Student: 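Take this structure first; my questions come after.
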Amino acid sequence: MKLGDTIAILGGAGALGSGIAGRLAKAGHTVVIGSRDPERARDTVAQINAAAGAERVSAANYSDAAARADIVVVTVPFAAQQEALSIVKPHVAGKLVVDCTVPLKPPKVGLVQLPPEGSAAQIAQAVLGSDVKVASAFHNVGAKLLEGDAPIECDVLVFGDSDEIRAGAAALVEAVGLRAVEAGPLANSAAAEALTSVLIQINRRYKAGHAGIRITGLSGDH
């Protein structure tokens with residue numbers, strides 16, 4: 001599935017968001033970093049454009065970023081998720097929104113604490129409404145790994161309530177340079193969201209930096 005012309009990344013000045021933005025920019029995509037304070041994102045924008053060798057990234061507030069984009073990626077912390085989604089809701093009808101939120105509750109980030117709604121992805125769909133194509137992805141990739149250009153030995157599980165939605169999110173994942181594995185409806189995102197806390201525990205136990213997952217036994221490219 002072909003990606004849209006412009007991709008907005010809410011929270012794009014953070015570690016995960018800037019990593020995704022950087023890889024998309026290097027792949028030739030136009031990216032708008034959505035920030036509560038676009039001025040604070042200037043350094044991130046400059047660094048990404050310098051690394052990409054082109055002026056492909058800009059910054060805007062959440063509303064403007066979402067309005068300008070064909071695809072919106074949400075990389076804000078769980079505590080800020082619903083507010084960010086409420087701000088962009090008027091600008092995302094009919095669009096693909098890829099939610100990367102993990103319901104971590106500091107300081108116990110190594111403990112699985114799924115919300116009563118089932119998953120952060122289901123919260124996103126409820127906030128945005130049924131006319132928005134919500135997918136979820138990027139829960140289990142180390143943000144630091146995305147900063148570089150080296151291949152990342154990690155698969156990305158993609159969830160959504162239709163083949164079209166999952167295919168759109170998978171195309172985004174592959175544009176970032178990772179293998180996407182479609183893993184069912186949005187409700188199944190709870191498994192990947194919970195797995196983040198499990199991987200945090202594994203990192204602590206084995207003094208690893210960026211434990212990830214690989215799906216084995218698939219035929220063809222997957």
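The figures here come from the full heavy-atom set of this structure, side chains too, leaving out hydrogens, waters and symmetry mates. Because the structure is a prediction, the values reported are computed rather than measured.
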Student: Can you check whether N140 reaches V102 side chain to side chain, under 4.5 Å on heavy atoms?
Tutor: no

Student: Going from CD1 on I7 to NE2 on H29, what distance comes out if it is rounded to the nearest 0.5 angstrom?
Tutor: 5.5 Å

Student: Any side-chain to backbone donor/acceptor pair from R166 onto G160? Under 3.5 Å, distance only.
Tutor: yes

Student: Using modelled atom types and a 3.5 Å cut-off, is there a donor and acceptor pairing between side-chain atoms of D155 and backbone atoms of A180?
Tutor: no

Student: Provide the closest heavy-atom pair for I123 versus E117 in the form atom of the first, atom of the second, distance.
Tutor: CD1-OE1, 3.6 Å

Student: Side chains of residues 70-84: which donor-acceptor pairs under 3.5 Å do they make with residues two or more places apart or in other chains?
Tutor:
| unit_1 | atom_1 | unit_2 | atom_2 | d |
| --- | --- | --- | --- | --- |
| D70 | OD2 | D5 | N | 2.8 |
| D70 | OD2 | T6 | N | 2.8 |
| T75 | OG1 | L10 | O | 2.7 |
| T75 | OG1 | G11 | O | 3.2 |
| Q81 | NE2 | D99 | OD2 | 3.2 |
| Q81 | NE2 | A120 | O | 3.0 |
| E83 | OE1 | R36 | NH1 | 3.3 |
| E83 | OE2 | R36 | NH1 | 3.1 |

Student: Report the C-alpha separation of S189 and H139 in whole Å, then their side-chain angles, then the decisive distance to 0.1 Å, and conclude whether the side-chain contact (heavy atoms from CB on, under 4.5 Å) test is met.
Tutor: CA-CA 9 Å; S189 179; H139 306 97; 3.6 Å; yes

Student: Give the minimum heavy-atom separation between F159 and A192, together with the two atoms involved.
Tutor: CE1-CB, 3.6 Å

Student: Once rounded to the nearest 0.5 Å, what's the spacing between atom CG of L114 and atom NZ of K105?
Tutor: 9.0 Å

Student: Going from CG on N49 to CD on E55, what distance comes out if it is rounded to the nearest 0.5 angstrom?
Tutor: 4.0 Å

Student: Are T44 and V57 close enough that some pair of their side-chain heavy atoms sits under 4.5 Å apart?
Tutor: no

Student: Return the CD1 to OG distance between I33 and S18, rounded to the nearest 0.5 Å.
Tutor: 7.0 Å

Student: Using modelled atom types and a 3.5 Å cut-off, is there a donor and acceptor pairing between side-chain atoms of Q113 and backbone atoms of K108?
Tutor: yes

Student: Can any side-chain N or O of E174 pair as donor or acceptor with the backbone N or O of L178 at less than 3.5 Å?
Tutor: no

Student: Under the criterion side-chain contact (heavy atoms from CB on, under 4.5 Å), I'd like the reasoning laid out for L16 against C100: C-alpha separation, chi angles, the key distance, then a yes or no.
Tutor: CA-CA 9 Å; L16 178 61; C100 309; 4.0 Å; yes

Student: For R68 and A60, which heavy atoms make the closest approach, and how far apart are they?
Tutor: NH1-CB, 3.7 Å

Student: Judged by atom type as modelled, is there a donor-acceptor pair below 3.5 Å linking the side chain of S63 to the main-chain atoms of V88?
Tutor: no

Student: Measuring from atom OG1 of T196 to atom CZ of F138, what distance do you get when rounded to the nearest 0.5 angstrom?
Tutor: 13.0 Å

Student: Does D131 reach the main-chain N or O of A93 with its side chain, forming a donor-acceptor pair under 3.5 Å?
Tutor: no

Student: Is the backbone of G148 close enough, under 3.5 Å, to the side chain of R23 for a donor and an acceptor to pair up by distance?
Tutor: yes

Student: Under a 4.5 Å cut-off applied to non-hydrogen side-chain atoms, are E153 and R214 in contact?
Tutor: yes

Student: Could you check L146 against I20 for side-chain contact (heavy atoms from CB on, under 4.5 Å), going step by step and ending with a plain yes or no?
Tutor: CA-CA 7 Å; L146 291 167; I20 293 173; 4.0 Å; yes

Student: Mind checking whether I152 and I200 sit in one hydrophobic cluster, side chains of I, L, V, M, F, W, Y counted as touching below 4.5 Å?
Tutor: no

Student: If I compare all heavy atoms of P38 with all of S35, which pair ends up nearest, and what's the gap?
Tutor: CD-O, 3.7 Å

Student: Check whether any side-chain N or O of E193 sits under 3.5 Å from a backbone N or O of L104 as a donor-acceptor pair, and report yes or no.
Tutor: no

Student: Is K144 atom NZ crowded by more than 12 heavy atoms from other residues, nucleotides or ligands, each under 6.0 Å away?
Tutor: no

Student: Working to the nearest 0.5 Å, report the span between CG of L195 and CD of Q201.
Tutor: 12.0 Å

Student: Carefully, step by step, assess V141 and V176 under the rule side-chain contact (heavy atoms from CB on, under 4.5 Å).
Tutor: CA-CA 12 Å; V141 182; V176 173; over 6 Å; no

Student: Using the rule that Ile, Leu, Val, Met, Phe, Trp and Tyr join whenever any side-chain heavy atoms are under 4.5 Å apart, tell me whether L199 and I215 fall into a single cluster.
Tutor: yes

Student: Heavy-atom count around R40 CZ within 6.0 Å, excluding the residue itself: above 12?
Tutor: no

Student: Which atom names give the shortest non-hydrogen contact between V31 and A21, and what distance separates them?
Tutor: CG1-CB, 3.9 Å

Student: Taking all atoms of both residues into account, what is the closest heavy-atom pair of V32 and A65, and its distance?
Tutor: CG1-CB, 3.6 Å

